[in-house]
Amino acid sequence: MIGKLKGTIEEIGDDHVLVDVHGVCYVAHCSARTLSRLGSVGEACVLFIETYVREDQLRLFGFMTALEREWFNLLQSVQGVGAKVALAILSALTPGELANAIALQDKAAVSRAQGVGPKVAVRIVTELKNKAPAFAGEAINIGLKQELGEGVAAAPVADAVSALTNLGYSRDQAANAVAAAMKNAGEGADSAKLIRLGLKELAR
């Protein structure tokens, strides 16, 4: 089992990188985001690896951080999400953005990834809503993107963020507070409850 590769970049392809480790070259399939952050041919690199062993193949998937690798595996626990779709999602969204999208049940953000249709996006945000916090890392500290203002989030969530911004908090502060509040509020929480819990988060 290969868990990490430390070596030199030999080649960068459309969906993979070739890493030379003391003369042995490994092919690691990566998200577009990971490939863009690797550097150039000849430079040193470190990749966290997920090893897939099948009857007819052995394939390595590479990630810049252990958190990305955890999300790769977590996404594949959802029906209809395989390795290819999981990499596409991680190409479109950082782990922080993905965790925020799930916390806010923002299926539109998830469906931006290539190959993710509306039904799969709904399954991802629904099935992972209770699992995602354990994998979120710094997600709650990362500002939500403009989708919130475009009406794709649930009405109570959008109303709560709007109310907190009207109280003088920045949009990022308000969105982060509401995202954190949703973890404790439970399903179907109204805007008043989210505002109250959000203010507690902001007061910490």
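In this text, all values refer to a predicted model and were calculated from it rather than measured experimentally.
Going from atom CZ of Arg69 over to atom CG of Leu74 covers 14.0 Å, rounded to the nearest 0.5 Å. Between the CG atom in Leu202 and the CG atom in Leu167 there is a gap of 9.0 Å [rounded to 0.5 Å]. Between atom CG of residue Leu194 and atom CD of residue Glu201 there is a gap of 11.0 Å, rounded to the nearest 0.5 Å.
In this structure, Gln114 has no side-chain hydrogen bond (donor to acceptor under 3.5 Å, both in side chains) partners at least two apart in sequence or on a different chain. Here Val53 pairs with Thr51, Leu58 under the side chain to side chain contact (heavy atoms under 4.5 Å, CB included) rule; sequence neighbours left out. Residues meeting the side-chain hydrogen bond (donor to acceptor under 3.5 Å, both in side chains) test with Gln76, sequence neighbours left out: Tyr52. In this structure Glu127 satisfies the salt bridge (charged side-chain N to carboxylate O under 4.0 Å, His left out) test with no other residue, sequence neighbours excluded. Partners of Ser77 according to the side-chain hydrogen bond (donor to acceptor under 3.5 Å, both in side chains) rule, which considers only residues two or more places apart in sequence or in another chain, do not exist here.
There is a path of hydrophobic side-chain contacts, each under 4.5 Å, that joins Val21 to Ile2. When the side chains of ILVMFWY residues are joined at heavy-atom separations under 4.5 Å, either directly or via intervening members, Phe63 and Leu75 end up in a single hydrophobic cluster. Residues Phe72 and Leu98 share a single hydrophobic cluster, defined by chaining ILVMFWY side chains whose heavy atoms lie under 4.5 Å apart. The hydrophobic cluster containing Ile195 does not contain Leu197, counting ILVMFWY residues as joined when their side-chain heavy atoms lie under 4.5 angstrom apart, directly or transitively. Cluster annotation: Leu93 is connected to Val85 through the hydrophobic network of ILVMFWY side chains, with a link wherever side-chain heavy atoms come within less than 4.5 Å.
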Please set out all donor-acceptor pairs under 3.5 angstrom arising from side-chain atoms of residues 37-44, sequence neighbours excluded.
| residue | atom | partner | partner atom | Å |
| --- | --- | --- | --- | --- |
| Glu43 | OE1 | Ser40 | N | 3.1 |

Give the table of side-chain donor-acceptor pairs shorter than 3.5 Å for residues 22-35, with sequence neighbours excluded, one pair per line with atom names and distance.
| residue | atom | partner | partner atom | Å |
| --- | --- | --- | --- | --- |
| Ser31 | OG | Thr34 | N | 3.1 |
| Ser31 | OG | Thr34 | OG1 | 3.2 |
| Arg33 | NE | Leu90 | O | 3.4 |
| Arg33 | NH2 | Ser91 | O | 3.3 |
| Arg33 | NH2 | Ala92 | O | 3.1 |

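In the hydrophobic clustering, where aliphatic and aromatic side chains (Ile, Leu, Val, Met, Phe, Trp, Tyr) are joined below 4.5 Å either directly or transitively, Val46 stands alone.
A donor-acceptor contact shorter than 3.5 Å links the side chain of Thr165 to the backbone of Val161.
Looking at every heavy atom in both residues, Ala177 comes nearest to Gly198 through CB-O, 3.6 Å. The minimum heavy-atom distance linking Ala86 with Val81 is given by the pair N-CG1, 4.0 Å. Ala113 approaches Ala88 most closely through the heavy-atom pair CB-O, 3.6 Å.
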Task: Derivation and outcome, side chain to side chain contact (heavy atoms under 4.5 Å, CB included), residues Phe61 and Leu47 - done: CA-CA 9 Å; Phe61 295 91; Leu47 286 175; over 6 Å; no
TODO: Start with the C-alpha gap between Glu68 and Phe48, add the side-chain angles, then the distance that decides, and say whether side chain to side chain contact (heavy atoms under 4.5 Å, CB included) holds.
DONE: CA-CA 9 Å; Glu68 286 180 303; Phe48 290 87; over 6 Å; no
- [ ] Could you walk me through whether Ile124 and Ile89 pass the side chain to side chain contact (heavy atoms under 4.5 Å, CB included) test, one step at a time?
- [x] CA-CA 11 Å; Ile124 289 171; Ile89 293 170; 3.5 Å; yes
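Residues Leu199 and Leu164 are in side-chain contact: their nearest non-hydrogen atoms beyond the backbone lie under 4.5 Å apart. By the 4.5 Å heavy-atom criterion applied to side chains, Leu128 and Arg123 are not counted as neighbours.
Here side-chain hydrogen bond (donor to acceptor under 3.5 Å, both in side chains) pairs that include residues 6-21, with residues two or more places apart or in two chains, are Glu11-His16.
In summary, of the residues considered (Ile9, Ile12, Leu5), a side chain to side chain contact (heavy atoms under 4.5 Å, CB included) with Cys45 occurs for Ile9 alone.
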